[in-house]
Amino acid sequence: MEGGAVGVITDNLDLWGQALRGTLVLFFGGGILALVLGFIVGAMRVSPIPAARAVGAVYVNWIRNTPLTLVMFFFAFCLPILLRERVDATLLATLALGVYTATYVAETLRSGINTVPVGQAEAARALGLTFGQVMALVVLPQATRSVIPPMMSVLIALLKNTTVAAGFSVLNLGSIRSNLSERGENQLLTLLWVMVIFVVLVLLLAWLQRAMERKWKVAR
């Protein structure tokens with residue numbers, strides 16, 4: 001039994017490597033896009049400009065309340081039609097994950113910004129600092145400490161959401177069961193190994209979270 005369990009991995013290292021690579025590409029690509037776009041939308045959500053706040057609110061409420069599967073469907077099937085050209089499925093899935101996760105990044109960042117006393121921002125503005133300078137020099141350095149745990153939860157959710165791309169012709173850990181079943185491998189053992197790999201990846205993210213919290217903790 002043990003040999004069979006290990007054999008699911010050792011006999012198919014090529015496929016496992018491709019699947020793991022696909023998951024990591026989706027995670028890191030989608031994560032970078034989500035952090036950049038989420039930062040921009042989060043700043044818009046707390047902007048003193050009403051139009052910016054309105055656009056940020058519409059984006060967050062529209063995308064966040066749409067199931068990820070539908071967002072993925074739009075990018076996988078509708079976007080290539082609109083662009084009138086064929087686009088790599090992995091790239092489309094990465095864009096879908098980034099756009100979707102950015103809404104949660106934005107709201108996490110906004111909640112962190114709201115923990116900073118308003119008086120500090122007002123004092124900075126009174127000194128002549130622009131909105132961008134207030135955010136970069138006063139608000140964000142303090143907000144970062146409070147958003148680390150919820151932001152890491154968003155990234156963990158992103159990691160697990162990469163499996164949704166399996167339904168859109170993207171090879172990753174979410175689709176490896178069907179691939180290995182064609183090779184005659186035990187599907188239950190395959191799913192158990194997928195679970196183990198995800199647990200290890202999540203534990204790595206949890207370790208990173210603790211390391212960041214220790215680095216930026218406030219002395220009390």
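Along the sequence shown, residues carry numbers from 1.
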Check residues 83-95 and write down every donor-acceptor pair under 3.5 Å in which the side-chain atom is one partner and the other belongs to a residue at least two apart or another chain.
from, atom 1, to, atom 2, distance (Å)
Asp88, OD2, Thr90, N, 3.1
Asp88, OD2, Leu91, N, 3.1
Thr94, OG1, Thr90, O, 2.8

With sequence neighbours excluded, tell me which residues meet ring pair (Phe, Tyr, Trp, His ring centres under 6.0 Å) with [X].
X	result
Tyr104	Tyr100
Phe75	none
Phe73	Phe77

Tell me which donor-acceptor pairs under 3.5 Å the side chains of residues 150-161 have, and how far apart each pair is, sequence neighbours excluded?
from, atom 1, to, atom 2, distance (Å)
Ser153, OG, Pro149, O, 3.2
Asn161, ND2, Ala157, O, 3.2

Which residue pairs pass the salt bridge (Lys or Arg N to Asp or Glu O under 4.0 Å) test when at least one of the two sits in [range], sequence neighbours left out?
range	answer
residues 131-144	none
residues 89-103	none
residues 49-62	none
residues 36-49	Arg45-Glu107

message = Is it the case that atom CG in Leu203 sees more than 12 heavy atoms from other parts of the structure closer than 6.0 Å?
response =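 More than 12 within 6.0 Å, yes.
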Please output the side-chain donor-acceptor pairs of residues 15-25 that fall under 3.5 Å, not counting sequence neighbours, one pair per line with the distance.
from, atom 1, to, atom 2, distance (Å)
Trp16, NE1, Val8, O, 2.9
Thr23, OG1, Ala19, O, 3.3
Thr23, OG1, Leu173, N, 3.0

request  = Report the residues that fulfil side-chain hydrogen bond (donor to acceptor under 3.5 Å, both in side chains) with Asp14, sequence neighbours left out, ordered by chain and then residue number.
outcome  =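 Arg183.
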inquiry  = Test: side-chain hydrogen bond (donor to acceptor under 3.5 Å, both in side chains). Region: residues 67-76. Which pairs qualify, not counting sequence neighbours?
reply    =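 side-chain hydrogen bond (donor to acceptor under 3.5 Å, both in side chains) check on residues 67-76 returns no pairs.
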